[in-house]
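What follows is one structure encoded as structure tokens, with my remarks underneath.
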Number of protein chains: 2
Amino acid sequence: MDQNNINEAVLPLENFIAYRLNQAAEKVSQRFAIEYKKRHGMTRPEWRTLATIGQFGNITAKQICQHSSMHKTKVSRAIFTLEQRRWLKRTVDQNDRRVEHLELTLQGQKAYLELSDVARNFQDQIYSALGPSNAAALETSLEAIETLIDPQ
Amino acid sequence: MDQNNINEAVLPLENFIAYRLNQAAEKVSQRFAIEYKKRHGMTRPEWRTLATIGQFGNITAKQICQHSSMHKTKVSRAIFTLEQRRWLKRTVDQNDRRVEHLELTLQGQKAYLELSDVARNFQDQIYSALGPSNAAALETSLEAIETLIDPQ
DNA sequence: AAAAATTTGTTGCATAAGTAACGATAGACT
DNA sequence: AGTCTATCGTTACTTATGCAACAAATTTTT
């Protein structure tokens, strides 16, 4: 399987930043996904929704979308599933009845705290596997990309 | 919208490495996806397949899977579409007739070189927007994660 | 050499995701 | 008040994805 060197202007996929970031993100995410999948049969949108509500305590679907960058249909469906599971409750806003305020039930909080703990351990493992210098480089470059992507 | 500080063990989503990597990857990829989408109506699996064949010149579906980390059904369908578009041709291996060798047609090569060029410019823009020091940090940390994920 | 197991690539089916349209509500404009 | 526009969240429809089963070819085992 020879490299095609007809044209030296070529950019191998494995050197392409979009591809490399995707690979890294996907592999890391999947490794964590195993946790919430095996523990609660959750999907990624469900975990992110749970995490966002858990983090803010009281929040609306729209705010979850903004904070987690998920599509509103994803969030809507995740909320539905979490509600079925009795992990959250909705309260209609009395000043604007289009809006629903979401809060975790005790069960929901329990699951959130448990998974949050797993997430922190997972992250600690990654950082210590990387070592302090690589971890610092990762932090620096992620911040730089975040600023690039989302300039305040 | 107050932070929920009942429990200090909580890990905010925006500090979670899996989430941050995904955001970065998704945003960067989508910005590049605009290019191949608007130019040729291509999908991401199609672009990756085109890029992989273009890079190796002559390759099989299985090898594309291995090199690009895409699921074999994704690759199979991308090959089908690229073939319809007359961007690649298949040749059955004479020693093992399960295997098909894939090569780009002239049209396929043209599209590949064009998009490869766009990709390089895109990448150059990102690196220069990041600046040399952040770009170096990104390179370092991506390599570190790649080693972690895929230890040879 | 026949049977069993493996490999390559495709396809049927079920699930996930996004677009666009929607109902319900609220706000702005005349 | 009445109309027009915008917003919040849901849903119908279409497309994308992945698993599992598959056919065809090859390799291994007996």
Side-chain angles (χ1 to χ4, degrees), chain A residues 1 22-23 25-27 29-30 33-34 36-38 40-50 52-53 56 58-84 88-103, chain B residues 1 22-23 25-27 29-30 33-34 36-38 40-50 52-53 56 58-84 88-103:
Chain A
M1 193 163 69
N22 259 294
Q23 287 304 105
E26 205 45 46
K27 291 279 174 61
S29 291
Q30 274 177 358
I34 291 170
Y36 52 74
K37 203 166 189 178
K38 86 172 174 210
H40 305 290
M42 293 174 85
T43 64
R44 186 155 14 178
E46 280 160 33
W47 149 249
R48 285 192 185 166
T49 299
L50 179 75
T52 307
I53 304 176
F56 290 97
N58 183 313
I59 193 172
T60 70
K62 167 134 218 212
Q63 291 172 318
I64 296 176
C65 291
Q66 290 167 339
H67 186 260
S68 70
S69 296
M70 283 191 292
H71 193 273
K72 62 180 179 173
T73 58
K74 257 188 194 169
V75 172
S76 175
R77 284 156 183 158
I79 288 172
F80 176 81
T81 305
L82 293 176
E83 190 187 30
Q84 293 282 307
L88 66 77
K89 57 177 186 297
R90 317 193 194 211
T91 316
V92 174
D93 185 303
Q94 284 311 309
N95 297 324
D96 183 346
R97 289 185 320 191
R98 292 168 302 186
V99 175
E100 290 173 336
H101 298 280
L102 308 168
E103 285 179 294
Chain B
M1 194 164 69
N22 259 292
Q23 286 304 106
E26 204 45 46
K27 290 279 174 59
S29 291
Q30 275 177 0
I34 291 169
Y36 53 73
K37 201 164 189 178
K38 84 172 178 214
H40 305 289
M42 295 175 85
T43 64
R44 188 158 6 176
E46 281 160 33
W47 150 248
R48 286 194 184 163
T49 299
L50 178 76
T52 308
I53 304 175
F56 289 98
N58 183 312
I59 194 171
T60 70
K62 166 135 220 212
Q63 292 172 318
I64 295 176
C65 292
Q66 291 168 338
H67 186 260
S68 69
S69 296
M70 282 192 291
H71 193 273
K72 62 180 180 174
T73 58
K74 258 188 193 169
V75 171
S76 175
R77 285 156 183 156
I79 288 170
F80 176 81
T81 305
L82 293 175
E83 188 186 31
Q84 293 284 306
L88 65 78
K89 57 179 186 296
R90 316 192 195 212
T91 315
V92 174
D93 185 304
Q94 286 309 310
N95 297 326
D96 183 344
R97 287 184 322 191
R98 291 168 303 185
V99 176
E100 291 173 335
H101 297 279
L102 308 168
E103 285 179 295

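Letters A, B, ... mirror the listed sequences (proteins, then strands); counts begin at 1.
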> When we call it a touch if two heavy atoms are under 4.0 Å apart, what does A/Lys74 touch: a base, just sugar-phosphate, or nothing?
Replying inline: sugar-phosphate
>> Between C1' on C/dG27 and CG on A/Asn95, what's the gap in Å once rounded to a whole number?
In response: 14 Å
>> Please report the distance, rounded to the nearest Å, between CD in A/Gln84 and C1' in D/dT10.
In response: 14 Å
> Has the side chain of A/Arg97 got a donor or acceptor that lies under 3.5 Å from a partner of the other kind on the base of C/dT25?
Replying inline: no
>> Could you tell me how far apart B/Phe80 (CZ) and C/dT10 (P) are, to the nearest whole angstrom?
In response: 10 Å
> What are the two closest non-hydrogen atoms of A/Glu46 and A/Thr81, and how far apart are they?
Replying inline: OE2-CG2, 3.4 Å
> Over how many whole Å does the gap from B/Leu82 atom CG to C/dT10 atom P extend?
Replying inline: 12 Å
> Which listed nucleotide (C/dG9, C/dT8, C/dA17) is nearest to the side chain of B/Glu100?
Replying inline: C/dG9
> Ignoring hydrogens and angles, does a donor from either the side chain of B/Arg98 or the base of C/dT8 sit under 3.5 Å from an acceptor on the other?
Replying inline: no
> Relative to each other, are the rings of A/Phe56 and A/His67 parallel, tilted or perpendicular (30° and 60° limits)?
Replying inline: perpendicular
> Taking the side chain of B/Pro45 as its heavy atoms from C-beta onward, which of D/dT10, C/dT10, D/dT17 lies nearest to it?
Replying inline: D/dT17
>> Of the options D/dC19, C/dG18, C/dT8, whose atoms approach the side-chain atoms of A/Thr73 most closely?
In response: C/dG18
> Taking the nucleotide of DNA chain D with the closest heavy atom to each, which residue, A/Gln30 or A/His71, is nearer the 5' end?
Replying inline: A/His71
>> How many whole angstroms separate atom CZ of B/Arg77 from atom C1' of C/dG9?
In response: 12 Å
> D/dA25 P sits how many Å from B/Lys62 NZ, rounded?
Replying inline: 19 Å
> Base, sugar-phosphate alone, or nothing: which one does A/Lys72 contact when heavy atoms must sit under 4.0 Å apart?
Replying inline: base
>> What contact category does B/Asp93 fall into here, base, sugar-phosphate, or nothing, at under 4.0 angstrom with non-hydrogen atoms?
In response: nothing
>> Between B/Met70 and B/Thr49, does the side-chain contact (heavy atoms from CB on, under 4.5 Å) criterion hold? Intermediate values first, please.
In response: CA-CA 9 Å; B/Met70 282 192 291; B/Thr49 299; 3.5 Å; yes
>> Minimum heavy-atom separation for A/Gln94 and A/Arg97, please, with both atom names.
In response: O-CG, 4.5 Å
> D/dG9, C/dT25, C/dT10: which one has an atom nearest the side-chain heavy atoms of B/Ser76?
Replying inline: C/dT10
> More than 12 heavy atoms of other residues, nucleotides or ligands under 6.0 Å from NZ of A/Lys37: is that the case?
Replying inline: no
>> Between P on C/dG9 and NE2 on B/His101, what's the gap in Å once rounded to a whole number?
In response: 9 Å
>> Just to be sure I understand the rule, does B/Arg90 reach a base, reach only the sugar-phosphate, or reach nothing, if contact means heavy atoms closer than 4.0 Å?
In response: sugar-phosphate
>> How many whole angstroms separate atom CD of B/Gln63 from atom P of C/dT7?
In response: 15 Å
